[in-house]
Amino acid sequence: MSSPPSLLSLSIDAAVFNLHIISDLSFLPEHILIDLFLRTLKAGKLTERILKIFIATGKDEIISMIQALNIQLVTTPVLPTSKLYFNPLCYLDAQTSSKSERCLTFFFDSINIQVHEKKKKKEPYLIFDSIISSWLYHNMSQVTIDRNEVDIVIAAFRSDLTSFLEEWRPIFSRFHLIIVQDPDLKDELKIPKGFDFDAYTKSDIDKLVSPSNASMFSGYACRYFGYLISKRKYIVSIDDDCSPAKDNNGDVVDIVTQHITNLKTPATPLFFNTLYDPYRKGSDFVRGYPFSLRSGVPCVLSCGLWLNLADFDAPTQSLKPELRNSRYVDAVLTVPKNSLMPMSGINIAFDREVVGPAILPALKLAKEGKFRWETMEDVWCGLVVKVVCDHLQLGVKTGIPYVWRNERGSAIDSLKKEWEGVKLMEELIPFFQTLKLSQDAVTAEACVMEMAVAIKKGMGSSHPELANAAGNMVEWVKIWKEVKSRVLV
Amino acid sequence: MASSVTPTPLLKDELDIVIPTIRNLDFLEMWRPFFQPYHLIIVQDGDPSKVIKVPEGFDYELYNRNDINRILGPKSSCISFKDSACRCFGYMVSKKKYIFTIDDDCFVAKDPSGNDINALEQHIKNLLSPSTPFFFNTLYDPYREGADFVRGYPFSLREGVPTAVSHGLWLNIPDYDAPTQLVKPRERNTRFVDAVLTIPKGTLFPMCGMNLAFDRELIGPAMYFGLMGDGQPIGRYDDMWAGWCIKVICDHLGLGVKTGLPYIWHSKASNPFVNLKKEYKGIYWQEELIPFFQAATLPKECTTVQSCYKELSKQVKAKLGKVDDYFNKLADAMLTWIEAWDELNPSKQLAKGK
C-alpha cells in the first residue's frame with residue numbers, strides 16, 4: 001500500500017484541474033510554481049494562455065525551464081508530454097521543498113483514523129478542494145461584468161431625472177436602465193442623452209396587470225414593475241434621491257461592480273467569519289472555520305448602505321435631526337442563517353433569476369407616503385426574502401457598496417402619521433422567526449405561496465393589511481409566472 | 001438609543017488583564033500608557049523555574065505551574081500545560097468583574113488616521129453598551145456614536161441585552177489556520193473595518209483568544225479553554241472550544257457577544273508546520289463539533305452559567321465521546337473546571353442576566 005499523497009501535492013493537482021479559471025500565479029512561492037508547471041506539462045494542459053500566465057510571474061526558474069525545454073508559442077497548444085517529465089526536486093531550493101514535503105507527508109502518515117481506504121482518500125480532498133476553491137476566488141482577476149447580465153432599475157419620484165442621471169453617468173452609462181415612473185406623477189420623464197433605457201409609466205403598468213393589481217405598484221413599489229419585466233439576470237436598484245458616494249480613499253464607489261461582485265461570490269450564512277467576507281481580496285476564512293462550509297452558498301441578494309442620510313425611521317430622525325452617517329465601514333458580510341434583518345430598498349441588488357419572485361411588493365400601509373420613512377414595503381419584502389433564502393440555502397450579504405443619500409422631506413411631518421408600520425413590526429418579527437416552510441418548496445415561487453398561506457392563516461384575521469399582503473404575494477407570483485412565460489414587452 | 005459622548009470609564013478597579021506567557025513580557029512596554037492603571041494576572045506556562053521579568057511599574061500577580069498545582073491540587077489537571085489555554089486559570093483566580101486577555105505578541109495598532117488604538121477602552125465601551133442578537137442592525141452597533149437603529153428595527157428590541165463578550169480583531173498577521181497559512185504565507189490583514197456588531201442568536205463563530213474581553217460575572221465559568229498542549233492530541237483549539245460553549249450559553253441566557261473593533265497589531269506568525277501538527281485533528285473533529293454545537297439545546301431549568309456548562313459537558317460526553325475518547329476526558333475536565341471555579345469563587349451563584 002503506497003503512502004497517501006501529501007497535502008502540497010494534492011493542492012497542486014487541484015490547481016492543475018482548475019487551470020481554466022486561473023489568471024494570475026505571481027503570488028505562488030517559486031518551488032510550488034515549478035511543480036505546478038511540470039504537472040501542467042505532464043497533464044497536457046499547457047495552452048498559450050497558461051504559458052503566458054507562467055511567463056508573467058517573472059520567476060527565473062520558470063523562464064529558464066521554458067527555454068531549456070524549447071517551449072515556444074506555436075499554433076499547436078498542447079505539447080507532447082512523454083519526454084518532458086523532470087524530477088522537480090532538482091530545480092527547487094532543496095531545503096524548503098523537502099521540508100514542506102516531509103512535514104506534510106508526516107501530516108498524512110500520522111493520521112490515526114480508523115476508516116476504510118476509500119474514505120481515507122476522500123477526507124484530504126474535502127479540505128483541499130475547499131482551500132483551493134477559496135484560494136482561486138481570491139486570485140481570480142476582478143469579477144467581470146457583462147452588461148447583458150444587468151438591469152438598473154430606478155423608481156422615479158420626480159420627472160426631471162437629468163441631474164440624478166448625470167451624477168451616475170460614469171457608472172450607469174454602459175448598462176441598460178429600466179425607469180419606472182411613480183404612477184401618481186403626471187409629467188413626462190426627462191432623461192438626458194446617452195443612456196440605454198426603457199421608461200415605464202402608469203399606462204404601461206395598467207396595460208400589463210389587471211386594475212385590481214395595479215395598486216400593488218403604487219408609490220415606492222413601482223420599482224417592482226421594473227423587476228417584473230426585466231429579462232436580465234441581475235437587478236441593481238436605487239432610490240432617485242441617491243448620489244454616488246466616495247470611499248475612505250476618496251474614490252467614487254462603483255455600486256454596480258461591488259453589488260455584482262457580492263452576488264457572484266459565495267455567501268457564508270452557516271457559520272460566522274470574523275474577518276467578514278472571506279472572498280474579498282486580502283481576506284480569508286479564519287482559524288476554526290469548518291472546511292466543509294468554506295465553499296459557501298450562492299449569494300442572491302446584496303444590501304448596500306448609505307452615507308449622509310442613513311435609513312432611519314421617522315422617530316429616530318426627528319429625535320436626532322443632525323444625525324448623519326459619516327462612517328464608511330469597509331466590509332461586506334453575510335447575514336447569518338435564521339437571522340432576520342430590516343432590508344432597505346434604497347440600495348439593493350439581487351439575482352432575479354433565482355430569487356426574483358420573492359422580491360415583492362406586498363405590504364401597503366394605509367397612510368403610506370412618498371418618503372422612505374413612511375413605508376414598510378421593503379422591510380416586509382426583506383423578511384419574506386430572508387426566510388426564503390434560509391430555506392433554499394441561499395445567501396444574503398450586507399455592507400458595501402455605499403450610496404450618498406440626499407436630504408428630502410421632513411421626518412417630523414411624517415411623524416404625524418399614525419405609526420401602524422412600527423407597531424406591526426413588533427408582531428411580525430416573532431412570526432417570521434418561527435415560520436417554517438415544507439420540504440416541497442424548492443423554488444422561490446413555491447416558498448412565497450406557502451408563506452402567503454401561513455401569513456393569512458396566522459395573522460390575517462387580526463390584521464387586515466396583512467391579509468391583503470398575503471393576497472398580494474399570491475397575485476405577484478401569478479403575474480411573475482405569466483410574464484416569464486410570455487417573454488413579452 | 002441616543003448615546004451622548006461621555007468619556008469611557010476606566011474601570012481600573014473592576015478589570016483584570018490576563019496574559020499567558022512563556023517567554024517574556026517586553027510587549028507590555030508598548031501598552032504601558034493604556035495598561036498601567038490596571039492589575040495584571042500573568043499566567044506563566046512552561047518551565048516554572050524560569051523567571052519571567054515583568055517591566056517596572058506594573059501591578060501584577062504571577063502564577064506558574066507550581067502555583068497552579070498548589071492552588072488547585074488534583075483539580076489542576078483541567079488546566080492545560082504548554083499551551084496558552086492555561087490562561088483560563090487567570091480568569092478563575094481573578095476577583096474582578098471584567099477580564100481582558102491578550103497575547104504577548106500583540107501590540108498597539110494604529111487606526112487609519114494614524115492614531116494609536118486604545119484597545120482596552122474600546123472593549124470596555126463594547127461591554128458597557130448592550131448587544132442586539134435578536135434582529136440584525138444593518139448599521140452595525142446602534143449604540144456607537146454616529147449610529148442608531150435603522151428603519152424597521154422593532155422598538156421593543158431596541159433596549160438590547162447585556163453584553164457578555166467583546167471579541168476584537170487583528171491587523172497584520174491574521175488568525176489563519178495552518179493550511180491557509182501554508183497556501184498564503186505572505187497575506188497580511190490591512191483592512192481596518194470600522195465596525196462593532198453583535199453576532200446574532202443561533203449563530204456560532206470562531207472565537208480567537210488573542211484580543212478578547214468579557215464580563216466574568218455574566219459568563220466567566222463558561223470561559224474554560226479546554227485540554228490542549230502537552231499530553232493532549234490537539235492544540236490551537238482552546239479558544240475555539242470556549243467560543244462555541246459560550247455562544248450556546250449566551251444564546252440560552254439571552255446575553256450578547258460582539259465582534260469587530262478594537263484592532264491590535266499581531267506581530268508574530270507562528271510556524272505553520274508546527275501549527276499543522278497541532279491542528280490537524282481539530283480540522284477533522286470540527287466537522288463533528290460544529291453540528292453538535294449548532295444542535296445543542298439547554299433545558300430551561302438551567303438558569304445559571306454553571307448549570308448550563310455542566311449540562312453541556314454531559315452532552316459532550318454523550319454525543320462526542322464516540323468521535324474520540326479525548327472528548328470523554330474533556331467533558332470530565334469541564335466538570336473539574338466548574339468545581340474549581342466554584343471553590344475559588346464561592347459567594348456568587350451567578351444568575352441569568354444581571
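Naming: A, B, ... by sequence-line order, numbering from 1 per chain. Quick note: numbers below take in every heavy atom, side chains included, and nothing from hydrogens, waters or symmetry partners. Keep in mind it's a predicted model, so treat the numbers as computed, not measured.
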Any idea which of [options] has the most non-hydrogen atom pairs under 4.5 angstrom with chain B?
options: A/M341, A/R324, A/K337; value: A/M341
options: A/D311, A/D378, A/L383; value: A/D311
options: A/L428, A/N338, A/L323; value: A/L323

Measure the spacing between [atom1] of [X] and [atom2] of [Y] and express it to the nearest 0.5 Å.
X: A/L305; Y: B/L139; atom1: CG; atom2: CG; answer: 6.0 Å
X: B/L169; Y: A/Y276; atom1: CG; atom2: OH; answer: 5.0 Å
X: B/D141; Y: A/R327; atom1: CG; atom2: CZ; answer: 8.5 Å
X: B/E187; Y: A/F27; atom1: CD; atom2: CZ; answer: 10.5 Å
X: B/H167; Y: A/F272; atom1: NE2; atom2: CZ; answer: 9.5 Å
X: B/K201; Y: A/Q433; atom1: NZ; atom2: CD; answer: 8.5 Å

Specify the closest pair of heavy atoms between [X] and [Y], including all atoms of both residues, with the distance to one decimal.
X: B/Y176; Y: A/F285; value: CD2-O, 3.4 Å
X: A/V329; Y: B/A195; value: CG1-CB, 3.5 Å
X: A/F312; Y: B/F149; value: CD2-O, 3.2 Å
X: A/L333; Y: B/F136; value: CD1-CZ, 4.1 Å

Relative to chain A, which segment of [X] carries a heavy atom at a distance below 4.5 Å: side chain, backbone, both, or neither?
X: B/N275; value: neither
X: B/R236; value: both
X: B/L197; value: side chain
X: B/Q294; value: side chain

* Structure fact -> With sequence neighbours left out, the residues meeting salt bridge (Lys or Arg N to Asp or Glu O under 4.0 Å) with A/K386 are A/D390

* To do: Mind checking salt bridge (Lys or Arg N to Asp or Glu O under 4.0 Å) for B/D83 and listing every partner two or more places apart, or none if nothing turns up?
  =>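 So B/D83 forms no salt bridge (Lys or Arg N to Asp or Glu O under 4.0 Å) with any residue.
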
* Asked: Does the side chain of B/L276 come within less than 4.5 Å of A/L7's, by heavy atoms?
  ->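 When only atoms from C-beta onward are counted, B/L276 and A/L7 do touch, with a gap below 4.5 Å.
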
* To do: Report yes if the side chains of A/I429 and B/F135 come closer than 4.5 Å at any heavy-atom pair, otherwise no.
  => yes

* Does the side chain of B/R151 pick up a donor-acceptor pair with the side chain of A/T375 at under 3.5 Å? ->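 A pair is found: one side chain offers a donor N or O, the other an acceptor, under 3.5 Å apart.
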
* With sequence neighbours excluded, tell me which residues meet ring pair (Phe, Tyr, Trp, His ring centres under 6.0 Å) with B/W285. =>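 By the ring pair (Phe, Tyr, Trp, His ring centres under 6.0 Å) rule, B/W285 matches B/Y326, B/F327.
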
* Is any NZ, NE, NH1 or NH2 atom of the basic residue among A/D313 and B/R158 found under 4.0 Å from an Asp or Glu carboxylate oxygen of the other? ->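 Judged by the 4.0 Å cut-off on N to carboxylate O distance, A/D313 and B/R158 do form a salt bridge.
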
* To do: Look at A/R294 together with B/D177 and state whether they make a salt bridge at an N to O cut-off of under 4.0 Å.
  =>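 Here A/R294 pairs with B/D177 in a salt bridge, since their nearest N and O are under 4.0 Å apart.
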
Considering only heavy atoms, which portion of [X] lies under 4.5 Å from any heavy atom of chain B: side chain, backbone, both, or neither?
X: A/P315; answer: side chain
X: A/S326; answer: neither
X: A/R372; answer: both

* Structure fact -> Those residues of residues 202-211 of chain B that come under 4.5 Å of chain A on a heavy-atom basis, listed by number, are B/T203, B/L204, B/F205, B/P206, B/C208

* **N/O donor-acceptor pair under 3.5 Å between B/K184 side chain and A/S283 backbone** =>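 Checked: pair present.
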
* **Whether B/E287 side chain and A/F291 backbone form a donor-acceptor pair below 3.5 Å** => yes

